[in-house]
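Sharing a structure below in structure tokens format, with a few things to ask.
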Amino acid sequence: MHIGFLNPQGNFDPYDRYITEHPDFGGQLVYVKQLAIAIASLGYHVDILTRQVVDPEWPEFAEPFDAYPGVANVRIVRLPAGPKEFLRKELLWPYLVRDWVPNILKFYQDEGALPDIMTAHYSDGGLAGVLIEEKTGTPFTFTAHSLGAQKMDKMKVSPDNIAQLNEYYYFGRRLMVERLSMNRSAINITNTKLERFKQYSHQAYRDAVNVDDDTRFAVIPPGVDPALFSTNVCAYNEEAIYQLVTDRIARDITESRRDFPAILASSRLDPKKNLLGLVKAFAYSQTLQEQANLILITAGLENPLHEQAKDKQTEQTVLVPIREVIQNHNLWGKISAFCVPDHPALAATYRFLAKRRSVFALTSLFEPFGLAPLEAAAAGLPVVVTDNSGIRENLQEGGNEYGVLVNPDEPADIARGLERLIGNTEEWERLARDTQYWVLNNYTWESTAQGYLSAIAQILSSPKISRRAELLPIHPFFLNPQLDDDISLEELSRLYFGD
Ligand SMILES: O=c1ccn([C@@H]2O[C@H](COP(=O)(O)OP(=O)(O)O[C@H]3O[C@H](CO)[C@@H](O)[C@H](O)[C@H]3O)[C@@H](O)[C@H]2O)c(=O)[nH]1
Ligand SMILES: O=P(O)(O)OC[C@H]1O[C@](O)(CO)[C@@H](O)[C@@H]1O
């Protein structure tokens with residue numbers, strides 16, 4: 001069997017140099033890479049279809065074909081879409097319609113056959129899935145990873161700010177495509193039940209899919225790579241990374257505090273990750289400040305507390321407010337922020353900081369799932385996690401507790417969660433040990449791959465007609481993108497706020 005993965009944004013670098021640096025590298029790309037490799041290792045042919053980027057800033061993404069070293073059966077296929085240079089994911093829509101999808105069809109026409117099925121990732125992959133199926137009948141699964149309506153909720157989109165936010169995020173296009181993708185996919189794949197029942201039943205997706213219909217959903221949890229994230233492995237540059245972290249701490253933290261445990265977060269600089277809430281929690285709690293430093297590992301910037309983000313929106317919505325809290329509460333010397341070069345380095349950083357009983361925090365305003373706390377726990381850190389996340393249902397599996405849940409909107413509650421672990425050796429050791437064991441034994445990419453393969457087998461053996469409710473029409477903008485036809489603010493408001 002031949003499976004295509006539709007994933008236009010970000011890119012796939014065989015050596016993972018950019019996972020912790022690239023602005024559009026996040027959980028989804030880790031997920032697609034690991035899943036593709038796991039499926040291929042079970043004997044299937046996989047193509048990861050992505051966008052060709054010819055850009056001196058990201059030179060590794062220019063070649064049309066690539067592969068992961070030592071991995072058979074996975075091709076990375078890069079096809080042009082619009083301008084040559086890297087574009088953030090929100091700007092890709094028209095180029096996917098005009099170039100990327102036609103280029104995919106041409107590529108397979110030249111090869112003689114299309115894949116048997118596509119797996120589409122995120123709304124942009126979903127659009128390609130919809131258009132390819134419309135033209136060729138090739139079915140697709142849809143994995144949203146993160147839905148626009150929840151992002152809008154947490155950004156507090158209102159009639160007053162919707163126009164301004166839509167200019168940057170293109171929420172109209174995103175919601176419209178998400179509705180189409182969940183409506184027309186053969187199966188929607190979610191990380192958790194909560195994602196299926198709660199996130200997909202947002203009113204913005206009404207009439208697109210019935211969340212109670214078991215034939216339309218498969219809940220398949222993601223995995224963690226134990227060759228990277230565990231306490232029993234060493235990164236190729238383990239000692240060098242320990243030195244890098246020591247140097248960054250020495251650069252930012254007052255001398256007498258440099259050996260303190262860390263409250264550690266690692267994420268993209270996106271407002272939804274709520275690093276601001278974490279900084280506020282640290283500012284709120286004298287207990288935390290007396291016993292720990294706050295360390296923020298953020299993609300792309302060497303010195304985020306002092307260096308401007310490349311993107312104005314990121315600077316204004318994430319970094320400026322964080323610096324204000326630090327300034328107003330006199331937290332300089334207690335906070336460090338930096339980036340690490342790659343995923344092995346991130347794992348090494350976790351191991352280094354676990355030795356001093358640090359705690360990992362993911363305080364996102366909302367998080368569809370959250371690979372980051374799974375990775376941190378696998379590398380030996382206990383985790384404090386937003387209760388507005390898909391992973392929360394897993395953290396409390398079978399009456400157990402594998403992490404401390406906190407309300408991301410309440411800095412005092414985040415502080416309470418952290419205080420349970422910082423300086424509390426017994427509790428720290430219990431949670432670090434139990435959570436690591438649980439993650440490494442339950443979250444494997446092989447079982448994610450098995451979940452996809454059984455969903456795919458079901459799709460390929462069932463008659464097409466039974467897979468769908470009423471089909472939603474494809475909006476004209478996604479057939480031939482003309483600005484005049486773009487999803488209007490009225491359409492977006494109707495979708496999001498209801499009639
Ligand atoms: O500065 C950085 C940059 C990247 N990473 C890595 O990026 C990934 C982050 O993944 P995740 O925590 O899952 O967040 P997102 O990038 O936002 O991923 C989306 O897709 C994931 C897979 O479906 C879901 O788990 C998320 O909830 C969803 O928001 C992890 O592998 C991290 O190691 C960092 O930790 N720090
Ligand atoms: O915050 P959003 O827009 O929902 O996007 C989440 C997505 O962003 C990325 O982290 C980076 O583009 C993807 O890996 C992930 O699926």
Side-chain angles (χ1 to χ4, degrees), residues 7-12 16 18-35 86-92 121-126 143-155 165 168-171 174-175 178 189-192 194-195 199 220-225 228-229 264-275 296-301 304 314 318 337-347 349-350 360-379 383 385-386 388-392 394 443 445 448:
N7 194 312
Q9 61 170 273
N11 221 294
F12 294 84
D16 288 344
Y18 297 128
I19 279 186
T20 53
E21 272 187 68
H22 192 283
D24 270 344
F25 247 126
Q28 183 198 154
L29 296 209
V30 172
Y31 181 110
V32 166
K33 175 196 162 181
Q34 296 289 354
L35 177 61
F86 167 74
L87 289 181
R88 65 184 168 89
K89 61 185 185 244
E90 290 84 359
L91 302 178
L92 294 180
H121 296 268
Y122 196 71
S123 42
D124 42 22
T143 311
H145 296 281
S146 177
L147 286 169
Q150 271 79 27
K151 182 157 178 155
M152 294 176 76
D153 289 350
K154 284 301 163 183
M155 293 181 91
L165 287 169
Y168 184 87
Y169 290 104
Y170 290 102
F171 282 127
R174 180 167 173 182
L175 291 191
E178 285 171 342
I189 293 176
T190 64
N191 285 317
T192 60
L194 194 117
E195 187 181 347
Q199 299 177 11
I220 305 173
V224 174
D225 181 359
L228 271 182
F229 293 99
L264 170 68
S266 166
S267 75
R268 293 176 285 126
L269 286 169
D270 186 309
K272 89 171 189 193
K273 296 290 179 186
N274 195 27
L275 293 173
L296 309 177
I297 299 184
T298 57
L301 296 176
T314 305
V318 184
F338 52 90
C339 71
V340 295
D342 53 23
H343 235 191
L346 184 64
T349 305
Y350 290 166
F360 183 85
L362 178 79
T363 56
S364 310
L365 295 171
F366 97 95
E367 193 62 66
F369 184 73
L371 291 178
L374 285 190
E375 295 170 350
V383 297
V385 177
T386 170
N388 196 356
S389 59
I391 196 181
R392 67 161 296 165
N394 309 50
Y443 293 90
W445 289 109
T448 313

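All ligand and atom numbering here is 1-based and tracks the order in the structure. Keep in mind the model is a prediction, meaning the values are calculated, not measured. Counting begins at 1 with the first residue of the sequence.
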Review point. In ligand 2, which numbered atoms sit nearer than 4.0 Å to a non-hydrogen atom of G27?
Key: 14 (O)

Check your understanding: Short list, please: which atoms of ligand 1 are under 4.0 Å from a heavy atom of G26?
Key -> 7 (O), 8 (C), 16 (O)

**Study point:** Sub-4.0 Å atoms of ligand 1 with respect to non-hydrogen atoms of L346
**Key:** 33 (O), 35 (O)

Point to revise | ligand 1 contact by S267, heavy-atom criterion under 4.0 angstrom | key: yes

Revision key, fill the gap. One finds that the ligand 2 atoms under 4.0 Å from a non-hydrogen atom of K151 are 1 (O), 2 (P), 3 (O), 4 (O)

Review point. Within the distance-only criterion (no hydrogens, no angle test), does the side chain of N388 pair as donor or acceptor with the backbone N or O of L365 below 3.5 angstrom?
Key: yes

Check your understanding: Under 3.5 Å between some N or O of ligand 1 and some N or O of Y31?
Key -> no

Review point. Which atom pair, heavy atoms only, marks the closest approach of I220 to T448?
Key: CG2-O, 3.7 Å

Check your understanding: Sub-3.5 Å donor-acceptor pair from the side chain of T143 to the main-chain atoms of H145, do we have one?
Key -> no

Point to revise | Proximity to ligand 2 by part of R174, non-hydrogen separation under 4.0 Å | key: side chain

**Study point:** For K272, atoms of ligand 2 separated by under 4.0 Å from a heavy atom
**Key:** 1 (O), 2 (P), 4 (O), 6 (C)

Check your understanding: What closest approach, in Å, do L371 and G223 show between heavy atoms, and which atom pair accounts for it?
Key -> CD2-O, 3.9 Å

Point to revise | Sub-4.0 Å atoms of ligand 1 with respect to non-hydrogen atoms of T298 | key: 1 (O)

Check your understanding: Relative to the heavy atoms of Q28, which atoms of ligand 2 are at a distance of less than 4.0 Å?
Key -> 13 (C), 14 (O), 15 (C), 16 (O)

Check your understanding: Looking only at heavy atoms, which two atoms of L147 and R174 are closest? And how far apart?
Key -> C-NH2, 3.5 Å

Exercise for review: For residues A347 and A379, report the shortest heavy-atom separation together with the two atoms involved.
Suggested key: O-CB, 4.3 Å

Review point. Between Q9 and ligand 2, which residue portion shows a heavy-atom distance shorter than 4.0 Å: side chain, backbone, both, or neither?
Key: side chain

Review point. Which part of L362 is near ligand 1, with near meaning a heavy atom under 4.0 Å away: side chain, backbone, both or neither?
Key: neither

Review point. Numbering the atoms of ligand 2 from 1, which are under 4.0 Å from a heavy atom of D270?
Key: 1 (O)

Exercise for review: Output yes when the distance from some N or O of ligand 1 to some N or O of H343 is under 3.5 Å, and no in every other case.
Suggested key: yes

Check your understanding: Heavy-atom distance under 4.5 Å between the side chains of P304 and L296, does that happen here?
Key -> no

**Study point:** Residue pair P222 / W445: nearest heavy atoms and the distance that separates them
**Key:** CB-CH2, 3.7 Å

Review point. What are the atoms of ligand 1, with element, lying closer than 4.0 Å to any heavy atom of K272?
Key: 29 (O)

Check your understanding: Taking non-hydrogen atoms only, is V30 closer than 4.0 angstrom to ligand 1 via side chain, backbone, both or neither?
Key -> side chain

Review point. Taking N or O atoms only and a 3.5 Å limit, does F229 qualify as a polar contact for ligand 1?
Key: no

Exercise for review: Evaluate the side-chain proximity of T190 to Q199: yes if any heavy-atom separation is below 4.5 Å, no if none is.
Suggested key: no

Check your understanding: Under 4.0 Å from any heavy atom of Q28, which atoms of ligand 1 are there?
Key -> 18 (O), 20 (O)

Practice item. Decide whether an N or O pair under 3.5 Å exists between E90 and ligand 2. Key: no

Study note, to complete from the structure: In terms of its nearest heavy atom to atom 25 (O) of ligand 1, the top option of G370, S364, S266, A376 is G370

Exercise for review: Of all the heavy-atom pairs spanning N394 and G390, show the shortest one and how long it is.
Suggested key: OD1-O, 3.6 Å

Study note, to complete from the structure: In K273, Q150, K272, K154, the residue satisfying side chain to side chain donor-acceptor pair (under 3.5 Å) with E367 is K273

Check your understanding: Side chain, backbone, both or neither: which part of H145 has a heavy atom under 4.0 Å from ligand 2?
Key -> side chain

Check your understanding: By number and element, which atoms of ligand 1 are closer than 4.0 Å to a non-hydrogen atom of N191?
Key -> 23 (O)

Practice item. Indicate the ring-plane relationship of F369 and Y443, choosing parallel, tilted or perpendicular according to the 30° and 60° boundaries. Key: tilted

Review point. Can you tell me if T298 uses its side chain to pair, donor with acceptor, with the backbone of L269 under 3.5 Å?
Key: no

Check your understanding: What class does the angle between the rings of F229 and Y350 fall in, given that below 30° is parallel, 30 to 60° is tilted and above 60° is perpendicular?
Key -> tilted

Practice item. Would you mind finding which of K273, H145, E375, Q34 brings a heavy atom closest to atom 32 (C) of ligand 1? Key: E375

Point to revise | From K154, H121, R268, K273 - option closest to atom 9 (C) of ligand 2 by heavy atom | key: R268

